[in-house]
Amino acid sequence: MIVSWLTTNRCNLKCQHCYQDADTLEASTANELDTLEAKTLIDQIARAGFKIMIFSGGEPLLREDIFELVAYASFKGLRPVFGTNGMLITLEVAQKLKAAGAAAMGISLDSLDEAKHNNFRGDPDAWRLAIQGMENCTAAGLPFQIHTTIVDWNKDEVLDIIDFAVEKGAIAHQPFFLIPVGRGVYIAETSIEVLENEELLSKIMEKSTQVPISVKPTCAPQFVRIAEQLGIETRYSRGCLAGLTYCIINPQGIVQPCAYMKQQAGNVRQQDFDVIWAESPLFETLRTEAYADPCGSCDYKKRCGGCRARAAYYHEDNFMAADEYCAHGKQLTLEGSVK
């Protein structure tokens with residue numbers, strides 16, 4: 001099981017698509033969990049049986065106590081990993097993270113074109129420092145993977161970015177398919193269309209058989225169905241994990257099924273995390289898997305599950321509705337005709 005803690009809403013970037021609407025201002029950190037609260041949370045996460053803990057944000061490396069918290073999570077038997085823009089990973093930081101017990105760093109790279117990445121991320125040094133961060137991880141013996149947010153202007157780069165990840169020594173590549181929440185609502189029109197989604201997922205899964213690293217599409221649970229249809233073996237048994245084997249805790253301690261779902265399961269300042277995970281009515285509903293059709297009657301329901309965040313976004317917060325971004329559910333082929 002995997003839990004992601006959005007450690008802070010503070011960030012050194014102002015990315016166009018940020019689901020958390022993270023900010024560069026100190027004021028954005030108001031009411032965030034402090035060090036003692038964070039350690040208590042880690043205790044409860046371990047008690048709930050989670051194995052992997054993602055330190056995300058905002059930018060998690062802006063927390064002054066981050067090394068202490070990583071070491072504590074490792075001590076409690078968790079596998080600490082990161083979601084970061086990579087810009088703050090100096091060689092010294094990489095070495096300290098490695099010593100604290102960090103297992104891997106997920107570093108964002110949205111284009112091989114430096115100017116495009118910088119424009120998307122809102123900083124003229126974003127690309128250069130992200131690449132330097134990857135190299136510093138390698139020098140420190142700290143594994144890293146590359147994360148790419150997919151929109152219409154970079155979708156044709158994705159396969160090349162996978163090759164780039166191999167060349168840089170990454171252990172994995174995760175393409176993230178845009179869900180319009182947070183600041184992402186302002187660039188919703190850059191989301192790729194349903195059949196583009198299907199075609200790109202097919203290409204990604206075919207590419208995954210040609211490279212020596214793990215490739216896992218994220219926020220596109222249809223990839224498990226597509227892999228099966230293409231006869232491609234994948235170690236991933238389920239697409240959408242929200243509320244089943246995955247959830248997030250936001251900077252103020254609010255528990256949500258995923259970062260793109262704003263429905264709240266509870267608050268760790270009011271109830272222990274392990275109790276929320278076990279007893280929240282929101283999680284209980286998700287675990288029924290009683291989705292509306294076509295997701296509910298789909299042959300791949302158990303393996304895919306549809307994106308619950310997209311279901312909520314496109315159906316007035318009804319997270320048990322159908323995922324509208326599924327060509328299979330819409331009975332469409334890549335030629336655009338009905339099956």
Side-chain angles (χ1 to χ4, degrees), residues 1-11 18-23 25-84 100-103 106 179 181-182 219 240-288 308-309 312 317 319:
M1 297 196 301
I2 305 171
V3 64
S4 180
W5 175 38
L6 313 184
T7 60
T8 179
N9 205 55
R10 188 181 172 204
C11 190
C18 182
Y19 58 79
Q20 196 61 19
D21 198 16
D23 205 306
L25 301 176
E26 288 280 359
S28 66
T29 64
N31 201 35
E32 294 183 350
L33 300 182
D34 62 25
T35 303
L36 180 59
E37 288 175 312
K39 287 184 174 181
T40 300
L41 172 61
I42 289 169
D43 289 337
Q44 295 166 3
I45 287 170
R47 194 164 67 210
F50 283 80
K51 302 301 181 185
I52 298 174
M53 183 172 180
I54 304 171
F55 289 81
S56 185
E59 174 47 58
L61 294 177
L62 285 172
R63 279 195 68 123
E64 295 180 355
D65 58 359
I66 195 65
F67 304 110
E68 179 182 355
L69 295 177
V70 168
Y72 191 74
S74 180
F75 170 72
K76 298 299 291 188
L78 296 167
R79 177 179 167 85
V81 298
F82 274 71
T84 170
I179 296 178
V181 296
C219 302
C240 183
L241 307 178
L244 305 179
T245 58
Y246 173 81
C247 71
I248 70 108
I249 303 103
N250 84 359
Q252 290 77 36
I254 296 171
V255 181
Q256 300 160 213
C258 83
Y260 305 97
M261 293 178 67
K262 298 309 175 185
Q263 292 77 15
Q264 299 181 8
N267 190 317
V268 300
R269 283 175 164 150
Q270 300 169 359
Q271 190 175 30
D272 288 357
F273 171 79
D274 50 319
V275 176
I276 294 171
W277 176 251
E279 300 179 2
S280 165
L282 173 59
F283 289 150
E284 289 179 352
T285 299
L286 283 164
R287 291 164 191 166
T288 67
R308 296 300 98 210
D317 292 332
F319 55 87

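The chain is numbered in sequence order, starting from 1.
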For a quick test of reading the model, state the closest non-hydrogen atom pair linking [X] to [Y] and the distance between them.
X      : Y      : value
Gln271 : Val275 : NE2-CG1, 3.3 Å
Pro80  : Gly101 : CD-O, 3.5 Å
Pro251 : Thr8   : CG-C, 3.7 Å
Ile42  : Tyr72  : CG2-CD2, 3.7 Å
Gly58  : Pro60  : O-CD, 3.5 Å
Leu78  : Met53  : CD1-SD, 4.0 Å

Within the side chain of [X], is there an N or O that forms a donor-acceptor pair under 3.5 Å with the backbone of [Y]?
X      : Y      : answer
Arg269 : Gly253 : no
Glu32  : Asn9   : yes
Gln256 : Met261 : yes

Compare all side-chain heavy atoms of [X] with those of [Y] and state whether any distance is below 4.5 angstrom.
X      : Y      : result
Glu68  : Lys39  : yes
Phe82  : Leu61  : yes
Phe319 : Pro257 : no
Thr7   : Leu69  : no
Val268 : Trp5   : no

With a cut-off of 3.5 Å and sequence neighbours excluded, list every side-chain donor-acceptor pair involving residues 278-286.
unit_1 : atom_1 : unit_2 : atom_2 : d
Ser280 : OG     : Ala265 : O      : 3.4
Ser280 : OG     : Leu282 : N      : 3.2
Thr285 : OG1    : Pro281 : O      : 3.0

Using 0.5 Å steps for rounding, measure from the [atom1] atom of [X] to the [atom2] atom of [Y].
X      : Y      : atom1 : atom2 : result
Leu6   : Ile248 : CG    : CD1   : 4.0 Å
Leu33  : Gln252 : CG    : CD    : 7.5 Å
Thr35  : Arg63  : OG1   : CZ    : 5.5 Å
Leu241 : Cys247 : CG    : SG    : 11.0 Å

**Q.** Qualifying residue, where the test is side chain to side chain contact (heavy atoms under 4.5 Å, CB included) with Ile249 and the options are Ile254, Ile45, Asn267
**A.** Ile45
Q. For Asp272 and Gln44, does a side-chain donor sit closer than 3.5 Å to a side-chain acceptor?
A.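 Yes, Gln44 and Asp272 have a side-chain donor paired with an acceptor closer than 3.5 Å.
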Q: Consider only side-chain N and O atoms of Glu59 and Thr84, and report whether a donor and an acceptor are under 3.5 Å apart.
A: yes
Q.
side-chain contact (heavy atoms from CB on, under 4.5 Å) for Tyr246 and Ser4? Distances and angles first, verdict last.
A. CA-CA 8 Å; Tyr246 173 81; Ser4 180; 3.5 Å; yes
Q: Measure the acute angle between the ring planes of Trp277 and Phe273, then classify it against the limits of 30° and 60° as parallel, tilted or perpendicular.
A: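 Aromatic pair Trp277/Phe273 classed parallel.
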